[in-house]
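Below is one structure; the comments refer to it alone.
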Amino acid sequence: MFRRREPVPFAFIAEADKFRSNVTPPPRERASASQVVGRTLVGLVVVAGLVGSMLFGMPALSPDQSPAQTQQSEASDGR
């Protein structure tokens, strides 16, 4: 079986790189004070959540006394 090949016009792609528009986009709107404050508060809440999770998670990860050592010390106290 043989596939039929058709020419593909790639000239439009080459021309697209050279094209320059004379229409300037409209300037971006500046964020209002309430939007800036809202974004700042959201950022602070996210950072506070990460810091809080680290503070609560670090004691659980610290290598303090293992349960086996605690049981041995309780057994020696009973004698």
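- The CD atom of Gln35 sits 12.0 Å away from atom CZ of Arg30, with the distance rounded to the nearest 0.5 Å.
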Distance-only check: which donor-acceptor pairs under 3.5 Å involve side-chain atoms of residues 54-61, not counting sequence neighbours?
none

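- Not a single side chain to side chain donor-acceptor pair (under 3.5 Å) links Ser53 to another residue, sequence neighbours left out.
- Here Ser34 pairs with Ser32 under the side chain to side chain donor-acceptor pair (under 3.5 Å) rule; sequence neighbours left out.
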